[in-house]
Structure formats: structure tokens, C-alpha cells
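This report refers to the structure that appears directly beneath it.
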Amino acid sequence: MNKGTTVSDAVDHVPATATGPVRRSRDVPMLVERARAGDPRAVARLITLVESGDEVLPQVAAALAPYAGQAQVVGLTGSPGVGKSTTTNELVRALRARGHRVGVLAIDPSSPFTGGAILGDRVRMQDHATDPGVYIRSMSSRGHLGGLSAATPQAVRVLEGAGCDVVLVETVGVGQAEVEVASLADTTLVLLAPGMGDAIQAVKAGILEIADVFVVNKADRDGADATVRDIQGMIALGERGPGEWRPQVVRAIAARGEGIDDIAAAIDKHRGWLEQHDELRRRRETRAAAEIEAIALGALRARIGSLRDGTELSTLAAKVAEGALDPYAAADELLAQLGS
Ligand SMILES: Nc1nc2c(ncn2[C@@H]2O[C@H](COP(=O)(O)OP(=O)(O)OP(=O)(O)O)[C@@H](O)[C@H]2O)c(=O)[nH]1
Ligand SMILES: [Mg+2]
């Protein structure tokens, strides 16, 4: 699938004619007003503006700032195919049954080549495609200055503005960047499956540190007990002060909707702990700090890029290459030029 047309655009449930002007609009106040009123096309359009790093992005951010922090953000991460989308789909069902408005962001951190996988996600969450209380959106980081670490919280804010009580963020947990995105959530679920060597992978990828809840999915398969034991063993090894959160381990068979209530209960329990220990505020401040940093670094990178196109960097590079200047002094000069 072409990235220019996102899957959510294709599967929206409002007739195109009803909200035609929204599609290509950059009228931020209008879009925000419509999103506030629950127009899914305005929500989709705002997320597209965020995702593509559109020039009106600062305006979008300013308009959405007041709605920050209104939703509970739950991250789901884990190896490809472990059952994240299936679990997300079932969690949406459970949250809808409680009367919550729900947003889902399926983050595709990798290449432009995973359109098929995104479509797969979308198909597995198809159950909710016609529910006006659910927004489902796939995102990539094309074009965004600060990459996904900046785009994701902004997209979350769009969904908060649209009145979502809960936002579920699905990322494939394969690399550090994805781990960072997952750790932007209030509560992070790490999904594992029996027999995938996942427990060891989790340690390697630094996933163990970010997990608030482990879900051993595909518990219908052999080896689920061993996986639960491995994870519990690893949790037991971790040092924890008094009052610190001890990650929960939950079994599930998402494909049959089994264990979903247990996952929801573990999320609730963690939420209670966050509130009790003022951790919610701390995590959100950490998230905001990462966001500011990503935006600032992205802006710096863009300015360095423009220097590279000019003569400054080439002049410095020539000096360093012939030994007339050391690279640290050259970098200092480059930074000084950025400041001016
Ligand atoms: N046996 C079994 N299969 C499951 C279970 N949950 C999900 N699956 C299947 O596993 C496959 C992958 O599920 P997804 O939910 O797409 O997994 P994912 O982690 O979102 O995959 P990516 O987004 O591609 O990383 C699908 O064929 C599901 O039907 C389960 O509990 N047991
Ligand atoms: Mg998926």
C-alpha cells in the first residue's frame, strides 16, 4: 500500500462527501473543532499533519496543548507476530464494554515496506471499524523532524482532543527506538509467546526494564508454563525498593479472547499504583522531556543539514581532512555557526 494513502483513510466510516473539505485542509482551528466534535476525518487529517511533519505542526500542537494528559496511554510491544494487534482488538472490545472512547495507534517504525503488515493490523482490528467510539490509525515517521518519539505523543494528543479516554499504542519491539516509543506510555505491556526465545530477546532488547505487565500470549501453545517461569525468574532477579512496582505476568489466548479481563485488571492495578505514587505525573514529564528533546534535536539536525548544503561544512571538512583543524574544534565552529 502506498504510504500516501493511509489505511485509516481507506477504512473510515464517514461518507467522503459529508466532510470533503477536511481531507486536504490545513485550517487548524477548523480541524481541531471538528475533531473535538468527534469527526473521524478531522482526527485522521490532524494525525496525518503530525505524521508528515507538516509546516502547520506547531499550530496543531498549540491548539491541542490544553487536552494533554486526558487519556490513559497504554503501550503494547513485542516481537513481530506475537499477537499485539489481536490483543489490542480484544482490549478495545473490553474498554468499549466499559463505555470508554478508545484510540489506537499502530506505529510502524521501520521502512516504507511494511504496508502489508499495517493492513494486517487493520484487518485484525476490523471488528471496530464502524464503531464511532473507536479511532484506529497506523502511523509511520516519514518526514517528521523528531521521528516517532516526537510524533507519537502529538498523535496521542490528537486522540485526547477527540475525547478518547484510553489510547492504545502498538509498536513492534525489535529495536531501541521502538522500545523508546513503547516506554512513552503510562503503562507498557510486553507480549511474549511460548517457544520464541522471547524471554531472552526481551532482556537483550532492554524490554524487561520497560515492562509494567508481561503478557504471555498464545498460551494455547506448548511451553507457556516455561515462558511464564522464565519471566517470573527474571522479575525476581530485579532489584526493587519498597513500594516499587513489580511487573505482573498474565497469560492470554488473545485469538480466543481469553485472559483479556486479566490484562485489563493488571492495567487497572498499575494505573492505581501510578496514581498512588505520583508516578503518572513523573512519567508524563519524562515523556514531555523526550518530546521536547526530539523536536529540538530534529530542528538542529535540519539546520546542520542546511549547513551541509552550504559551504561552511565543506570548508571545515576540507581543513579537517588535510590536518589543518581537528574535528572537535571543527564541530565547535559548526555549532557556533548554528547559534548565530
Ligand atoms: N495460537 C494462537 N495464535 C494467536 C493468538 N493470538 C494471536 N494469534 C495469531 O498470531 C498471528 C499474529 O497476530 P497479530 O495480532 O497480528 O500479531 P502482532 O504482534 O500484531 O503482529 P505484527 O503487528 O506483525 O508484529 C495471527 O495469525 C493471530 O491470529 C493466540 O493466543 N494463540
Ligand atoms: Mg500488529
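In each ligand, atom 1 is the first atom listed, and ligand 1 is the first ligand listed.
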Requested in this report: Tell me which part of Asp220 gets within contact of ligand 1: side chain, backbone, both or neither, using heavy atoms under 4.0 Å.
Outcome: side chain
Report task. Answer with side chain, backbone, both or neither: which part of Asn217 has a heavy atom less than 4.0 angstrom from an atom of ligand 1? Result -> side chain
Query raised in the report: Looking at ligand 1, does Gly81 have a heavy atom less than 4.0 Å from it?
Result: yes
Report task. Using non-hydrogen atoms of the residue, decide whether Arg256 is closer than 4.0 angstrom to ligand 1. Result -> no
Report summary line: Note: ligand 1 atoms sitting under 4.0 Å from heavy atoms of Pro80 are 25 (O)
Report task. Give the numbers and elements of all ligand 1 atoms closer than 4.0 Å to a heavy atom of Ala254. Result -> 6 (N), 31 (O)
Report summary line: Judged by heavy atoms only, the candidate from Glu90, Lys84, Lys218 nearest atom 9 (C) of ligand 1 is Lys218
Report task. Give, rounded to 10 degrees, the angle between OG (Ser85) and OE2 (Glu170) as seen from the Mg ion (ligand 2). Result -> 90°
[X] versus ligand 1: do any nitrogen or oxygen atoms come within less than 3.5 Å of each other?
| X | answer |
| --- | --- |
| Gly83 | yes |
| Ala219 | no |
| Thr87 | no |

Query raised in the report: Parallel, tilted or perpendicular for Trp245 and His270, by the 30°/60° rule?
Result: perpendicular
Query raised in the report: Is the shortest side-chain N to carboxylate O distance from Glu285 to Arg281 below 4.0 Å?
Result: yes
Distance-only donor-acceptor check, side chains [X] and [Y], under 3.5 Å:
| X | Y | answer |
| --- | --- | --- |
| Arg137 | Thr48 | yes |
| Glu170 | Ser85 | yes |
| Gln232 | Arg229 | no |

If hydrophobic clusters are built from ILVMFWY residues whose side chains come within less than 4.5 Å, do [X] and [Y] share one?
| X | Y | answer |
| --- | --- | --- |
| Val250 | Val82 | yes |
| Leu274 | Val190 | no |
| Trp273 | Ile267 | no |

